[in-house]
Amino acid sequence: MQDPRSFLRALFDRAVEVADPMHSLAAHLPERPDGRVVVVGAGKASARMAEAVEAAWGPCEGLVITRDGYARPCAGIEIVEASHPVPDARGAAATLRMLEMLGDLGEGDTVLALISGGASALLVAPAGDITLEEKRDVNQALLASGAPIDQMNILRKHLSRVKGGQLAAAAYPARMLSLMLSDVPSDDPAFIGSGPTVGDATSPADARAILDRWGIAVPSSVSAVLEGASGVVLPGDARLRHVRNVVFAAPAQSLAAAAEMAEAAGCAVRLLGDALEGEARDIAAAQAALALEVKAGMSAGDASVLLLSGGELTVTRRGHGVGGPNAEFALALAIALGGSEGIHAIACDTDGVDGAAEVAGAVMGPETLGEAKRKGISAEVALTANDAHRFFAEIGGQVITGPTLTNVNDFRAIFIMPPT
């Protein structure tokens with residue numbers, strides 16, 4: 001077997017490969033329909049999805065919004081790059097053009113919607129009198145609050161003119177097939193990219209409760225929208241009757257591929273779940289305890305054990321760092337393990353971006369705390385300051401992939417070796 005760090009990186013790379021739309025989308029794409037076909041979409045993987053569509057269908061008319069650096073070459077579909085995770089004017093302008101494009105369609109036309117994680121920030125059309133700057137401020141507060149992604153997306157839907165089924169409603173009476181790449185726990189289409197093609201039964205009162213629960217202050221324009229009638233489209237709305245939503249790739253598939261690779265290498269794999277949520281440091285403490293328990297029960301000659309998990313963890317920012325749930329998980333895990341021999345781990349976001357950092361995540365091992373101590377760095381101080389990215393940058397533990405062109409959430413693997 002390779003050294004532990006290389007082995008863990010190979011498992012992560014395999015998980016990303018399986019979720020690449022160029023490998024996974026075509027099987028879910030029907031033959032190109034007759035008549036006018038318009039492709040729209042948003043998300044970190046949406047440009048890659050558009051590239052896969054044109055590989056199967058040839059040049060298409062359409063507009064897709066993706067994150068800076070994630071554009072792909074397309075012959076007909078226009079690719080617009082915009083800011084993520086905080087919306088910007090480029091995303092807002094492109095969203096308005098997309099809505100205008102859909103407004104011209106009739107009953108004989110077809111829309112192919114390509115939705116992946118990241119669409120919540122990239123597909124932006126504030127409701128009511130909310131300005132883009134106010135929308136940005138609310139988004140920043142959500143990201144720093146520690147609220148889980150499903151709670152964030154409920155609020156985002158009610159502050160938008162495009163989320164919560166409203167993109168699909170804008171295309172009515174055209175037919176719509178929405179292909180989705182999941183980055184949310186339970187793979188619920190209503191929460192992928194805040195469900196722009198999926199009806200939603202939540203209310204403005206639900207959104208107000210989230211503001212109260214997470215202590216988020218908002219301007220009067222936001223309050224006014226949440227005191228009025230909801231713009232989201234209810235699940236039974238007639239404008240959704242021509243819409244079909246399909247989740248074609250999800251975290252479970254990537255974890256299964258990594259598990260298969262690990263088993264082929266002789267590991268005993270334990271899958272801890274593909275939809276874990278919670279504070280990164282709390283989940284790390286729980287998984288460290290499990291890893292130590294497994295280690296204590298191993299004997300020389302036993303197979304190595306791999307603990308695999310996915311989902312989307314959160315960080316409540318209390319310090320000056322940029323957060324990053326995967327790096328924070330890896331740092332908290334290292335602290336909890338205390339340098340225990342024979343335990344290594346990787347924690348990365350499959351989109352190549354952990355929090356607001358252009359870093360996928362980090363690797364840690366028995367040497368992590370010792371290396372930090374030699375450099376005069378305190379792991380505990382870094383964790384308190386939510387500064388895990390800087391910590392791993394200084395000790396050489398960062399995982400940097402660049403744009404992966406996909407997004408099926410976090411990937412965590414803890415590799416436990418038997419005593420020698």
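Note that the coordinates shown come from a computational prediction; the quantities given were computed from them, not determined experimentally.
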Within the distance-only criterion (no hydrogens, no angle test), does the side chain of Glu61 pair as donor or acceptor with the backbone N or O of Ile77 below 3.5 angstrom? no
Glu394/Lys373 salt bridge by N-O under 4.0 Å criterion: no
Do His320 and Asn386 have side-chain N/O donor and acceptor atoms under 3.5 Å apart? no
Non-hydrogen atoms of Cys74 and Glu51 that approach each other most closely: SG-N, 3.7 Å
Do the side chain of Trp57 and the main chain of Pro30 share a donor and acceptor less than 3.5 angstrom apart? yes
Where do Glu367 and Arg374 land on the salt bridge (Lys or Arg N to Asp or Glu O under 4.0 Å) test, with the steps shown first? CA-CA 11 Å; Glu367 74 289 346; Arg374 282 190 292 274; over 6 Å; no
Gln166-Ser160 side chain donor-acceptor pair, cut-off 3.5 Å: no
Cation-pi check, Lys157 onto Phe191 ring (under 6.0 Å, within 45° of axis): yes
Note, Leu308 side chain near Phe411 side chain (heavy atom, < 4.5 Å): yes
Cation-pi check for Tyr70 against Arg48: NZ or CZ below 6.0 Å from the six-membered ring centre and within 45 degrees of the axis, yes or no? no
Looking at Lys295 and Glu341, is any side-chain nitrogen of the basic one under 4.0 Å from a carboxylate oxygen of the acidic one? no
Between Arg5 and Asp3 (salt bridge meaning N to carboxylate O under 4.0 Å), is one present in this structure? no
Under the side chain to side chain donor-acceptor pair (under 3.5 Å) criterion, do Asp68 and His84 qualify, and how do the steps go? CA-CA 8 Å; Asp68 282 315; His84 179 280; over 6 Å; no
Pair listing, salt bridge (Lys or Arg N to Asp or Glu O under 4.0 Å) test, anchored in residues 269-289, at least two apart: Arg281-Glu328
Who pairs with Ala205 by side-chain contact (heavy atoms from CB on, under 4.5 Å), at least two apart in sequence or on another chain? Ser203, Arg208
Does the side chain to side chain donor-acceptor pair (under 3.5 Å) test come out yes or no for Asn326 and Asp410, once each step is laid out? CA-CA 7 Å; Asn326 289 286; Asp410 299 338; 3.0 Å; yes
Donor-acceptor contact present, side-chain Ser116 to main-chain Leu181, <3.5 Å: no
For Arg136 and Asn139, test the side chains for any donor-to-acceptor distance below 3.5 angstrom and give the result as yes or no. no
Whether Gln253 side chain and Ala250 backbone form a donor-acceptor pair below 3.5 Å: yes
So, does Asn245 use its side chain to make a donor-acceptor pair with the main chain of Leu177 at under 3.5 Å? no
Backbone of Ser120 reached by a side-chain donor or acceptor of Ser194 within 3.5 Å: no
With a sphere of 6.0 Å drawn around CZ of Arg317, does it hold more than 12 non-hydrogen atoms of other residues, nucleotides or ligands? yes
Near Arg244 CZ, under 6.0 Å, is it more than 12 heavy atoms from other residues, nucleotides or ligands? no
Partner residues of His158 under the side chain to side chain donor-acceptor pair (under 3.5 Å) criterion, sequence neighbours left out: Thr202, Ser230
Set out, in order, the CA-CA distance, both residues' side-chain angles and the distance that settles salt bridge (Lys or Arg N to Asp or Glu O under 4.0 Å) for Arg90 and Asp88, then state yes or no. CA-CA 6 Å; Arg90 293 173 296 164; Asp88 68 1; 2.8 Å; yes
Go through the side-chain N and O atoms of Ser309 and Arg412 and say whether any donor and acceptor fall under 3.5 Å apart. yes
Between Val38 and Met101, is any pair of side-chain heavy atoms under 4.5 Å apart? yes
